[in-house]
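In what follows, every heavy atom counts, from backbone to side chain, and hydrogens, waters and symmetry copies are set aside. Convention: sequence-line order gives letters A, B, ...; per-chain numbering from 1. Just so it is clear, the structure is predicted and the values come from calculations on it, not from any experiment.
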Number of protein chains: 2
Amino acid sequence: MTEQHPAPGVRGVSAAPRSDGLHSTKSLHAAKDIPQATVSRLATYLRVLSVMVDEGTLIVSSEELAAAAGVGSAKLRKDLSFLGPNGVRGVGYDVSRLRDRIETALGLDQGHRVVLVGVGNLGRALAGYGGFGRRGFAMVGLFDTAPGVVGTVVSELEVRDAGALLAACIELQPTIAVIAVPDEAAQNVCDRLVEAGLRCILSFTPVELEAPDHVEVRRVDLAVEMQMLSFRSARNAEIVDAEAATANQSRVPSTRLGRSRGPRSAATAASAPAQGTVANTTTNSKGSVVRQ
Amino acid sequence: MTEQHPAPGVRGVSAAPRSDGLHSTKSLHAAKDIPQATVSRLATYLRVLSVMVDEGTLIVSSEELAAAAGVGSAKLRKDLSFLGPNGVRGVGYDVSRLRDRIETALGLDQGHRVVLVGVGNLGRALAGYGGFGRRGFAMVGLFDTAPGVVGTVVSELEVRDAGALLAACIELQPTIAVIAVPDEAAQNVCDRLVEAGLRCILSFTPVELEAPDHVEVRRVDLAVEMQMLSFRSARNAEIVDAEAATANQSRVPSTRLGRSRGPRSAATAASAPAQGTVANTTTNSKGSVVRQ
DNA sequence: TAGATTGTTAATCGATTAACAATC
DNA sequence: TAGATTGTTAATCGATTAACAATC
């Protein structure tokens, strides 16, 4: 790693030699005040940059990288500025260097060892999910309680008895645990993972898990994602409805069936396929291969 | 449904008879300005309320509901206020009524018909995920391209050929589509779903999908969730490190191994099990059954 | 030097929070 | 009426955005 700047200075214990007096308070752990929203986007930039590295791209401007990541360039530069100076003015960013920088900032450069508890449908999918391995997360242990599952091999790992979680964690030294058990069992599993010394837990159960402050629990609720989509679809249907009501007021008063059932029927009507609005969307499709 | 108030007035096309002059601009589609963050939390409240209905709870205060959902009561009341008045001052909220109210606001009261494209590991897990059905999402169609998969039965549905997507959508009338295909195929699948008239798409591929404005695409990137955990763990390790460096300055200068490899080794050290910090977490666990 | 692009500023926008008036 | 709790306000906090000075 060739260092252009004296020291990146965002991480590391010793006070960074920043020329300006900014961030002087709490200077010891500046990484703390990177906003969550920024961290999430950094992960996205990282993925895009990895693709660029593979393609052999050497330099990228904030404009290009932002476009590829689907954000504005101002936001991108602001996000990157939390990591200290990363680019060269008038030139752009060194792709591979910036990737490494973000990787380090996210704590990914050492890799992570992941244990997964709950080898049901979802657990199996997660265990076999290539996206993890590709991004530095190694599955090192699978656990379940069902006798029919314990002992079987899933994604090249033998499923262990969840009762042996604590002992296994001492052996496996995981840095992250994933919970994919039924709702009722989740809190108990969480407690035992905390006992075993885990500090990072990703839960796929909708229940809010209680854990000590020093343990970070993230929850992914797949149904919530769908419900947010549902809201947008209902909202859109309503707007379409409202516009139709005002714009076409003089023409056909109500072209839709089931209006008597109230505005709710709009949601169903809005999803009707293949008329008018659909036609001009096909022109929008651009080939069958993914392009950034 | 017994209506206490003359009309909820947040949805619906006709102007709502609000006594105050608020939201008078753009009054036609007030639902538009419910913040995303609020929508997401509404989904959480809905889940908690459903549990309460099942338990036979009739009335709940903002304080209680907020606690159960893991948010502050002020935030909860603010969130609910976007739906219009829902409670009774001095009393609280009618649990079942509030649940229905949120369900309607999220557009869930009519249910949703979901098609899923890509019946690999993840697709299978999603197809069999009970959390969807339990919350009003019905899987109505599974699609794949692999000859070995097409025709097989997964979660009580026969997998169809993805080539017949458009025709099938006319028949199935889905309101939501889920994409769980390999990255390279995602954009193509997305284009064809748009062609088929879908307006709500949930994608599990990390690639940013292009779609017309009237189509809502949500992306769930499982690796990003892990990466955010990773960041927090690295940050925590760093803080622990920094505190140790300042507090124990006069004592042992460096108690950890591998310090020569730079601050990054802190992440590994922080995950070491079972000493000091672990002891007081076991007292925190409260029985083995999930309790809200 | 001229051209280009970063890193940073300051203004805007939006979300959170605490406090309280309204009112059951 | 007195007690309780909602719905709303206004202040605070944080994130986004556009513009530009710094500088390669």
Side-chain angles (χ1 to χ4, degrees), chain A residues 4-5 8-10 16 18-24 26 30 32-42 44-45 58-67 69-95 97-98 101-102, chain B residues 4-5 8-10 16 18-26 30 32-42 44-45 58-67 69-95 97-98 101-102 105:
Chain A
Q4 288 182 12
H5 301 283
V10 168
R18 305 285 291 281
S19 51
D20 53 7
L22 288 169
H23 295 115
S24 56
K26 280 190 182 181
K32 182 180 184 177
D33 36 41
I34 300 184
Q36 280 252 335
T38 292
V39 174
S40 167
R41 285 190 298 266
L42 285 175
T44 303
Y45 307 150
L58 297 177
I59 301 289
V60 71
S61 72
S62 61
E63 204 69 54
E64 294 164 331
L65 181 53
V71 302
S73 68
K75 193 186 275 184
L76 174 100
R77 288 199 300 279
K78 180 77 177 171
D79 284 340
L80 294 183
S81 75
F82 286 102
L83 308 181
N86 293 101
V88 181
R89 292 170 199 235
V91 179
Y93 300 93
D94 179 314
V95 173
R97 206 179 130 73
L98 183 56
R101 188 79 194 77
I102 295 176
Chain B
Q4 288 182 14
H5 301 283
V10 167
R18 305 284 291 282
S19 51
D20 53 6
L22 288 170
H23 295 114
S24 56
T25 51
K26 279 190 182 180
K32 183 178 183 176
D33 36 40
I34 299 183
Q36 281 251 336
T38 293
V39 174
S40 168
R41 285 190 298 265
L42 285 175
T44 302
Y45 307 150
L58 297 177
I59 301 289
V60 71
S61 72
S62 63
E63 204 70 54
E64 293 164 332
L65 181 52
V71 302
S73 68
K75 193 186 274 185
L76 174 99
R77 288 199 300 278
K78 181 77 178 169
D79 284 341
L80 294 183
S81 76
F82 286 102
L83 308 181
N86 293 101
V88 180
R89 290 170 199 234
V91 179
Y93 300 93
D94 178 314
V95 174
R97 205 179 130 72
L98 183 57
R101 187 80 194 76
I102 296 176

Return the value, rounded to whole Å, for the distance between atom [atom1] of [X] and atom [atom2] of [N].
| X | N | atom1 | atom2 | answer |
| --- | --- | --- | --- | --- |
| L76(A) | dT8(C) | CG | C1' | 14 Å |
| L65(A) | dT6(C) | CG | C1' | 13 Å |
| L80(B) | dT16(C) | CG | C1' | 15 Å |
| F82(A) | dG14(D) | CZ | P | 12 Å |
| D79(A) | dA15(D) | CG | C1' | 10 Å |

Could you work out which one of [options] sits closest to the side chain of [X]?
| X | options | value |
| --- | --- | --- |
| S62(A) | dT6(D), dC24(D), dT6(C) | dT6(C) |
| R77(B) | dT17(C), dC20(C), dG7(C) | dC20(C) |
| S61(A) | dA15(C), dT6(C), dT16(C) | dT6(C) |
| K78(B) | dG7(C), dT16(D), dT17(C) | dT17(C) |
| R89(A) | dT9(C), dA22(D), dC20(D) | dA22(D) |

Holding to side chain to side chain donor-acceptor pair (under 3.5 Å), I want the full list of residues that pass it with T38(B), two or more places apart in sequence or in another chain.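 With neighbours one apart ignored, the set is D79(B).
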Side-chain N or O of Y93(A) versus OP1/OP2 of dG7(C): is the shortest distance under 4.0 Å?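 Looking at the OP1 and OP2 atoms of dG7(C), one of them is under 4.0 Å from a side-chain N or O of Y93(A).
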Stem list, DNA chain C (Watson-Crick or G-U pairing under 3.5 Å, at least 3 consecutive pairs):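 Stems for DNA chain C, defined as runs of 3 or more consecutive pairs: C:3-24 with D:3-24.
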